[in-house]
Amino acid sequence: MSSRILLLEDDPAIAGTVAFALQREGFVVEHVLLAGAARASVAAAPPALAILDVGLPDGNGLDLCREWRQSGADTLRALPVLMLTARAEELDRVVGLELGADDYLTKPFSPRELVARVRALLRRAAFSPPAAQAPVAGLFELDADGRRIRFAGQWLALTRLEFGLLRALLRAPGRIRSREALLDEVWGADGEATDRTVDTHVKTLRAKLRAVRPELEPIATHRGMGYALDPSVL
């Protein structure tokens, strides 16, 4: 059965190019023009993946992504999201990741690259590594089946990759994990991911932890080696 892709894009030319590229690869594409239509479509039947434009006539794709990530529904929190935007500044990319986007592609882009990124996100979504033991003592509680983590009594609004990254660190508090090891465990065979990808996701993850307990810094950086969960904060 072909995967259904929801495409939220108000530019007909871009939407046509994206839809053609995906359909040629066997995907079923549902194209909508407005955030409201995307919201209704996902509520009725979540797609395998959503591609969201940032600037829309009735809202913002980033806000829609954040709404899904903060939803109580597991299917919405785990929905793979690829953002499309004309803004290429690093700050905009980081904001998109902080709000829950799984990947980010700036216009103009190659349709072939977009298809490759869609396939990579779908592979990540299908990959289900062995569940870690739960709960984790102290401030963290890991719900492996629900794929969520609670910190200081509050459930974190994590993307799939942030969840995988924090879970990897929680498995062995105090143990330094190199960027290469984290790439292998969390990103798997995704050739697009780099050391910089790990650093960016650690940054967004730290921001979410800091929002709950500003005085704590659970993730420690070890220069030249990698990252570790500081056991003193557990």
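Residues: numbered from 1 along the sequence shown. When reading the values below, keep in mind they use all heavy atoms of this one structure, side chains included, and skip hydrogens, waters and symmetry mates.
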With a 4.5 Å heavy-atom cut-off, do [X] and [Y] have their side chains touching?
| X | Y | result |
| --- | --- | --- |
| I149 | D143 | no |
| Y227 | V198 | yes |
| R206 | T221 | yes |
| T194 | T197 | yes |
| D103 | V118 | no |
| E180 | D195 | yes |

By side chain to side chain donor-acceptor pair (under 3.5 Å), Q154 pairs with (sequence neighbours left out) none
Please name all residues satisfying side chain to side chain donor-acceptor pair (under 3.5 Å) with D230, sequence neighbours left out, ordered by chain then number. S232
In short, side chain to side chain donor-acceptor pair (under 3.5 Å) pairs touching residues 18-29 with sequence neighbours left out are E25-R119
Inter- and intrachain pairs under side chain to side chain donor-acceptor pair (under 3.5 Å), touching residues 35-47, at least two apart: E30-S41, R39-E67
Is [X] linked to [Y] within one hydrophobic cluster, defined over Ile, Leu, Val, Met, Phe, Trp and Tyr using a side-chain heavy-atom separation of less than 4.5 Å?
| X | Y | answer |
| --- | --- | --- |
| L216 | L165 | yes |
| F109 | V29 | yes |
| L105 | L121 | yes |
| L122 | L22 | yes |
| L183 | V186 | yes |

In sequence, state the C-alpha distance, the side-chain angles, and the governing distance for D11 and D53, and then conclude on side chain to side chain contact (heavy atoms under 4.5 Å, CB included). CA-CA 9 Å; D11 186 314; D53 189 20; 5.9 Å; no
Tell me every residue that passes side chain to side chain contact (heavy atoms under 4.5 Å, CB included) with [X], counting only those two or more places apart in sequence or in another chain.
| X | answer |
| --- | --- |
| P46 | T75 |
| P57 | D10, L34 |
| A152 | L139, V212, R213 |
| A181 | R177, S178 |

Per-pair distances, 0.1 Å, donor-acceptor, side chain in residues 12-20, under 3.5 Å, sequence neighbours excluded:
from, atom 1, to, atom 2, distance (Å)
T17, OG1, A13, O, 3.1

State the [atom1]-[atom2] distance between [X] and [Y], to the nearest 0.5 angstrom.
| X | Y | atom1 | atom2 | result |
| --- | --- | --- | --- | --- |
| L79 | T159 | CG | OG1 | 12.0 Å |
| R210 | I219 | CZ | CD1 | 9.5 Å |
| L76 | L64 | CG | CG | 9.5 Å |
| K208 | L156 | NZ | CG | 8.0 Å |

Under the salt bridge (charged side-chain N to carboxylate O under 4.0 Å, His left out) rule, collect the residues that match up with R150, sequence neighbours excluded. E141
List the residues meeting salt bridge (charged side-chain N to carboxylate O under 4.0 Å, His left out) with D63, not counting sequence neighbours, and say none if there are none. R66
Mind running side chain to side chain contact (heavy atoms under 4.5 Å, CB included) on W187 and H201 for me, showing each step along the way? CA-CA 11 Å; W187 279 263; H201 281 76; 3.7 Å; yes
Of all heavy-atom pairs between [X] and [Y], which one has the smallest distance, and what is that distance?
| X | Y | answer |
| --- | --- | --- |
| N60 | L56 | C-CD1, 4.2 Å |
| A228 | R175 | CB-O, 3.3 Å |
| P47 | L6 | CG-CB, 3.8 Å |
| A37 | V32 | CB-CB, 3.9 Å |
| A21 | P111 | CB-CB, 3.8 Å |
| D58 | G36 | OD2-N, 3.0 Å |

With sequence neighbours excluded, give me every ring pair (Phe, Tyr, Trp, His ring centres under 6.0 Å) pair touching residues 141-185. F140-F151
Decide side chain to side chain contact (heavy atoms under 4.5 Å, CB included) for L114 and L84; before the verdict, give the C-alpha distance in whole Å, the side-chain angles of both, and the deciding distance to 0.1 Å. CA-CA 10 Å; L114 181 138; L84 299 181; 4.0 Å; yes
Check this for me: does any side-chain nitrogen of one of D102 and R69 sit under 4.0 Å from a carboxylate oxygen of the other? yes
Hey, are K107 and E9 close enough for a salt bridge, meaning a charged N less than 4.0 Å from a carboxylate O? yes
Criterion side-chain contact (heavy atoms from CB on, under 4.5 Å) against L142, the qualifying member of R148, R167, R171, R147: R167
